[in-house]
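Below is one structure, written out as structure tokens; the observations come after it.
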Amino acid sequence: MSFQVPDACTLPAAGRPLRLAAFDELFVTAVRRVEPVTAEHVRMWLSGPAGLVKAVRDLTAREAQCCSFFTFTVTPEPADVGEALRLDIAVPARYTGVLESLGQRAAAKAS
């Protein structure tokens with residue numbers, strides 16, 4: 001599944017495959033559900049071992065540095081084992097295609 005990187009992304013081209021791989025790893029191992037809320041907002045529920053919240057905050061902070069059009073909100077949720085969280089991702093209207101692609105990628109990898 002390809003992912004089109006917008007021109008607004010300032011991450012050097014050499015680092016983009018590694019960043020995408022980091023998101024793919026998160027999608028495969030931790031994403032439990034993906035919900036498109038609006039065209040500009042996707043919500044994901046994640047669960048995993050202790051340290052998940054910190055890892056997601058770190059990854060999303062790095063992504064927001066190079067793709068400032070993303071707004072990531074990490075909300076810890078109750079978990080019986082390990083950690084759980086809700087990840088809300090929002091973008092301005094001109095980047096809805098990027099968000100839709102990211103949400104679809106997360107849903108496909110999580111299945």
Tell me if a side-chain donor or acceptor on [X] pairs with a main-chain N or O of [Y] at a distance below 3.5 Å.
X	Y	answer
S68	Q65	no
E83	L52	yes
E35	R43	no

Would you mind reporting whether [Y] and [X] have side-chain heavy atoms less than 4.5 Å apart?
X	Y	answer
F23	V31	no
M44	I89	yes
T38	T96	no
F70	V98	yes

Closest heavy-atom pair and its distance - [X], [Y]:
X	Y	answer
A106	V34	CB-CG2, 3.9 Å
P92	F69	CD-O, 3.1 Å
P78	A84	O-CB, 3.8 Å

Spatial distance of atom [atom1] ([X]) from atom [atom2] ([Y]) [nearest 0.5 Å]:
X	Y	atom1	atom2	answer
L99	E40	CG	CD	8.5 Å
L20	L102	CG	CG	8.5 Å
L85	R32	CG	CZ	10.5 Å
E77	L46	CD	CG	10.5 Å

Which residues pass the salt bridge (charged side-chain N to carboxylate O under 4.0 Å, His left out) test with R62, not counting sequence neighbours? D58
Applying side chain to side chain contact (heavy atoms under 4.5 Å, CB included), name anything that partners P49, two or more places apart in sequence or on another chain.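 Not a single residue meets the side chain to side chain contact (heavy atoms under 4.5 Å, CB included) criterion with P49.
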Should L59 and W45 be counted in the same cluster of Ile, Leu, Val, Met, Phe, Trp and Tyr side chains packed under 4.5 Å apart?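 No, no single cluster joins them.
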